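Heads up, the thing below is written out as structure tokens.
Model, not experiment: these values are computed from the prediction. Hydrogens, waters and symmetry mates are skipped; everything else that's a heavy atom, side chains included, is used. Count residues from 1 along the sequence.
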Amino acid sequence: MPRKVVQGPIRDKEKTKQKLLAAVGKILKTRGYPGLKVSKIAAVAGFDKKLIYEYFGSTEKLIDEYIKTQDYWSKMNDGNIEVDISDGGKALSKMAILNQFEYVKRNKELQKIILWGLSESKPILKKVADEREAIGETLFSNIIDPYLKDKSTRYRAIAALLVSGSYYLNLYTGHNASKFCGIDLKTDEGRKEIQKAIEEIIDFAYEEK
């Protein structure tokens with residue numbers, strides 16, 4: 001007679017962890033970061049709060065892991081990206097920033113996290129920001145800097161404007177208005193104009209090498 005397998009949070013650790021992470025996202029969406037209390041997270045997930053400490057060590061570490069699952073640059077770093085870098089990272093830059101532009105639009109939880117980071121100073125958010133910066137530095141120092149040489153600092157400034165602009169346009173048009181500089185970012189046509197501008201700016205930066 002086959003032995004009966006009992007399903008439950010202890011036996012199914014990974015499933016439980018995913019439900020706890022999902023609970024963080026649900027609370028962030030509906031109540032914002034003030035609602036991220038250990039008892040509330042546990043209640044939304046449907047588990048005892050002791051499992052948060054058992055599987056993550058603390059509420060902050062649970063939130064930290066959730067933020068990493070939503071952060072675009074952390075997810076990009078985890079993937080196996082196949083892009084020709086013989087052009088000094090031009091194609092990679094286009095792909096990364098264009099994908100970020102669309103990812104932020106779709107991910108409402110990430111928008112909440114970004115707004116949280118702008119309004120509060122939290123060790124959790126600083127840690128993720130530092131890790132994001134480290135990922136970017138790897139791209140710059142290993143690919144872009146050797147190719148652009150003395151023009152690399154200028155390109156870093158251009159990339160900073162493109163990345164931050166990508167965040168801001170999605171946040172502003174997602175929460176306050178549909179148009180920015182007369183371009184309707186709630187339409188495919190409007191977003192395509194921004195995408196073309198991103199590509200043209202990167203092309204220009206590399207042409208001026």
Side-chain angles (χ1 to χ4, degrees), residues 8-9 12-79 96-133 135-136 162-180 183-188 190-191 194-195 198:
D12 202 349
K13 180 178 177 179
E14 193 54 39
K15 202 171 187 180
T16 302
K17 288 179 70 174
Q18 292 306 314
K19 285 186 177 180
L20 288 167
L21 289 166
V24 173
K26 287 177 184 176
I27 295 168
L28 194 59
K29 247 186 186 177
T30 56
R31 294 173 175 257
Y33 50 84
L36 293 174
K37 310 296 184 187
V38 62
S39 55
K40 185 63 180 176
I41 295 170
V44 171
F47 298 124
D48 191 300
K49 64 183 180 181
K50 69 182 180 182
L51 290 177
I52 293 174
Y53 301 106
E54 183 174 341
Y55 292 158
F56 295 94
S58 68
T59 311
E60 286 208 345
K61 287 181 180 177
L62 165 61
I63 297 170
D64 181 36
E65 188 163 331
Y66 171 77
I67 292 171
K68 286 179 184 175
T69 67
Q70 302 303 311
D71 184 67
Y72 170 73
W73 295 99
S74 297
K75 290 169 76 72
M76 179 182 169
N77 192 47
D78 291 339
I97 297 173
L98 289 172
N99 285 349
Q100 179 212 4
F101 183 56
E102 289 309 304
Y103 182 83
V104 176
K105 177 201 172 189
R106 296 191 308 268
N107 195 318
K108 302 304 181 185
E109 289 93 337
L110 177 58
Q111 291 181 23
K112 292 277 190 180
I113 292 167
I114 295 167
L115 291 170
W116 181 14
L118 292 172
S119 60
E120 279 203 28
S121 176
K122 292 282 187 183
I124 291 174
L125 297 170
K126 184 179 185 305
K127 181 182 176 186
V128 174
D130 289 343
E131 290 173 355
R132 187 187 303 132
E133 185 66 18
I135 293 166
L162 291 176
V163 170
S164 59
S166 175
Y167 282 129
Y168 182 78
L169 287 174
N170 280 301
L171 291 173
Y172 186 80
T173 56
H175 290 82
N176 291 302
S178 62
K179 291 185 178 180
F180 197 92
I183 297 175
D184 190 344
L185 291 169
K186 290 190 182 293
T187 66
D188 290 340
R191 295 190 70 82
I194 299 296
Q195 291 166 350
I198 289 170

Distance in Å, [X] [atom1] paired with [Y] [atom2], rounded so as to fall on 0.5 Å steps:
X: Y66; Y: I27; atom1: OH; atom2: CD1; answer: 10.0 Å
X: L169; Y: L171; atom1: CG; atom2: CG; answer: 9.0 Å
X: Q18; Y: K15; atom1: CD; atom2: NZ; answer: 11.0 Å
X: D64; Y: L125; atom1: CG; atom2: CG; answer: 9.0 Å
X: I194; Y: L98; atom1: CD1; atom2: CG; answer: 11.0 Å
X: D48; Y: S39; atom1: CG; atom2: OG; answer: 11.5 Å

L36 and side chain to side chain contact (heavy atoms under 4.5 Å, CB included): which partner among I63, L62, T59?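 Of the listed options, the one satisfying the test is I63.
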
If every non-hydrogen atom of [X] is compared with every non-hydrogen atom of [Y], which pair is closest and at what distance?
X: Q70; Y: N107; result: OE1-ND2, 2.8 Å
X: I41; Y: A23; result: O-CB, 3.6 Å
X: K68; Y: V128; result: CG-CG2, 4.5 Å
X: A45; Y: K19; result: CB-O, 3.8 Å
X: K186; Y: S178; result: CD-CB, 3.5 Å

Take a 6.0 Å sphere around [atom1] of [X] and say whether it holds more than 12 heavy atoms from other residues, nucleotides or ligands.
X: E133; atom1: CD; value: no
X: K17; atom1: NZ; value: yes
X: K108; atom1: NZ; value: yes

Any ion pair linking K13 and E54 (charged N to carboxylate O, less than 4.0 Å)? no

Look only at the side chain of T16 and the backbone of D12, and say whether a donor-acceptor pair between them is shorter than 3.5 Å. yes

Fit a plane to each ring of F180 and Y168, take the angle between them on a 0 to 90° scale, and name the class: parallel (under 30°), tilted (30 to 60°) or perpendicular (over 60°).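 Ring orientation of F180 relative to Y168: perpendicular.
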
Could you tell me whether the side chains of Y103 and N99 share a donor-acceptor contact shorter than 3.5 Å?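 Short answer, no.
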
Regarding Q111 and N170, do their side chains bring together a donor and an acceptor under 3.5 Å, going by distance alone?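 Judged by distance alone, the side chains do not pair up.
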
Pair R132, Y72 - check side chain to side chain contact (heavy atoms under 4.5 Å, CB included), show working. CA-CA 9 Å; R132 187 187 303 132; Y72 170 73; over 6 Å; no

One pair to check against side chain to side chain contact (heavy atoms under 4.5 Å, CB included): Y167 and Q100. What are the steps and the verdict? CA-CA 8 Å; Y167 282 129; Q100 179 212 4; 3.1 Å; yes

For the residue pair Y172 and L185, establish whether any side-chain heavy-atom pair is separated by less than 4.5 Å. no

For residues L21 and Y55, determine if any side-chain heavy atom of one lies less than 4.5 Å from a side-chain heavy atom of the other. no

